[in-house]
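For ligands, and for the atoms within them, numbers begin at 1 and follow the listed sequence. Since the model is a prediction, treat every value here as computed from it, not as a measurement.
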Amino acid sequence: MFKACQIFVRSLTMSAAKIPEVVFVLGGPGAGKGTQCNNIVQKYGYVHLSAGDLLREERTKPNSEFGELIENHILNGTIVPVEITCSLLDRAMQNSKNPNKKFMIDGFPRNEDNLQGWTKAMTGKAEIKGVFFFDCSKEKCMERCLNRGKKGSGRSDDNEDTLRKRLDNYVTDTVPIIEHYENLGLVYKFNSMQSPKNVFLDVQEAIEKIGW
Ligand code: C5P
Ligand code: MG
């Protein structure tokens, strides 16, 4: 009985000590980040957290003090201050019921402010296992998001004006973040101009490398 208790306590301490593992998912709007994250969730049991989805959810809460600020950023294709986004991600990670503690964090870190805010708040609280980069031309991104808008995505930012700004900000703000992680040897780059099915074949190879 004593031995059984010892094993139980040890396994509790071990699971408590395990910090969450994170894969960041980056790429232009419409590059297929969400689609591939859904595939990864289904096959490997990762938890998918989309920074954009969390911000959209926060925006619609009637008593959120940040609703208007978030909507303004989304409409302009600009990036919400990291304190807001990072705390939404942190809370979602803590509230996750999934015992796996492996997260695909989609659409983050998007700029230098995101990167620094994450480093400040999350160092020691989560381990970055890799960065998945879905590489897609500006033209293809534009075409896919406009189609998504026509099919009723319901997103206020799937229009040509906002998309131009989102794509410009992606090039000036997000590409340097991808380069930063490339220098650290953390980036897995996928040709995201292919069909979703073929992109997922490449993604699976990467997941097998980083573990799941
Ligand atoms: O990733 P997604 O396309 O869903 O992001 C939509 C919008 O959400 C972005 O254009 C931006 O305004 C906001 N966002 C943000 N910070 C992030 C991710 C998304 O401000 N890290
Ligand atoms: Mg998305």
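For a threshold of 3.5 Å applied to N or O pairs, the pair formed by R155 and ligand 1 contains at least one separation below that value. Inclusion of I79 in the set of residues having an N or O under 3.5 Å from an N or O of ligand 1 is not warranted. For a threshold of 3.5 Å applied to N or O pairs, the pair formed by N114 and ligand 1 contains at least one separation below that value. When only interatomic distances are considered, the shortest N/O to N/O separation between R56 and ligand 1 falls below 3.5 Å.
Set against the non-hydrogen atoms of I74, the atoms of ligand 1 under 4.0 Å away are 8 (O), 12 (O). Residue contact check: V80 has heavy atoms under 4.0 Å from atoms 15 (C), 20 (O) of ligand 1. Residue F108 approaches ligand 1 through these ligand atoms, each under 4.0 Å from one of its heavy atoms: 21 (N).
Here the straight-line distance linking atom CD1 of I178 with atom CZ of F134 works out to 11.0 Å at 0.5 Å rounding.
Of all the heavy atoms of K165, none lies under 4.0 Å from any atom of ligand 1, so neither backbone nor side chain is involved. Contacts between L55 and ligand 1, counted as non-hydrogen atom pairs separated by less than 4.0 Å, involve the side chain only.
Of the charged side-chain nitrogens involved, none lies within less than 4.0 Å of a carboxylate oxygen, so that E205 and K209 do not count as a salt-bridged pair. D168 and K165 are not joined by a salt bridge, as no carboxylate oxygen comes within less than 4.0 angstrom of a charged side-chain nitrogen.
Taking only non-hydrogen atoms, the option from G107, G30, C145, G77 nearest to atom 17 (C) of ligand 1 is G107. Taking all heavy atoms of D158, T78, L88, N169 into account, the minimum distance to atom 11 (C) of ligand 1 is reached by T78. Within the set R110, K33, H73, the minimum heavy-atom distance to atom 2 (P) of ligand 1 is found for R110.
Distance alone, capped at 3.5 Å, is enough to place a donor-acceptor pair between the R166 side chain and the D157 backbone. For the pair D135 (side chain) and K189 (backbone), a donor-acceptor distance under 3.5 Å is absent.
Checking Q42 against N39 by side-chain atom types alone, no donor-acceptor pair falls below 3.5 Å. Side-chain polar atoms of E143 and N147 form no donor-acceptor pair below 3.5 angstrom.
Relative ring orientation between Y44 and W212 is described as perpendicular, the plane-to-plane angle rising above 60° on a 0-90° scale split at 30° and 60°.
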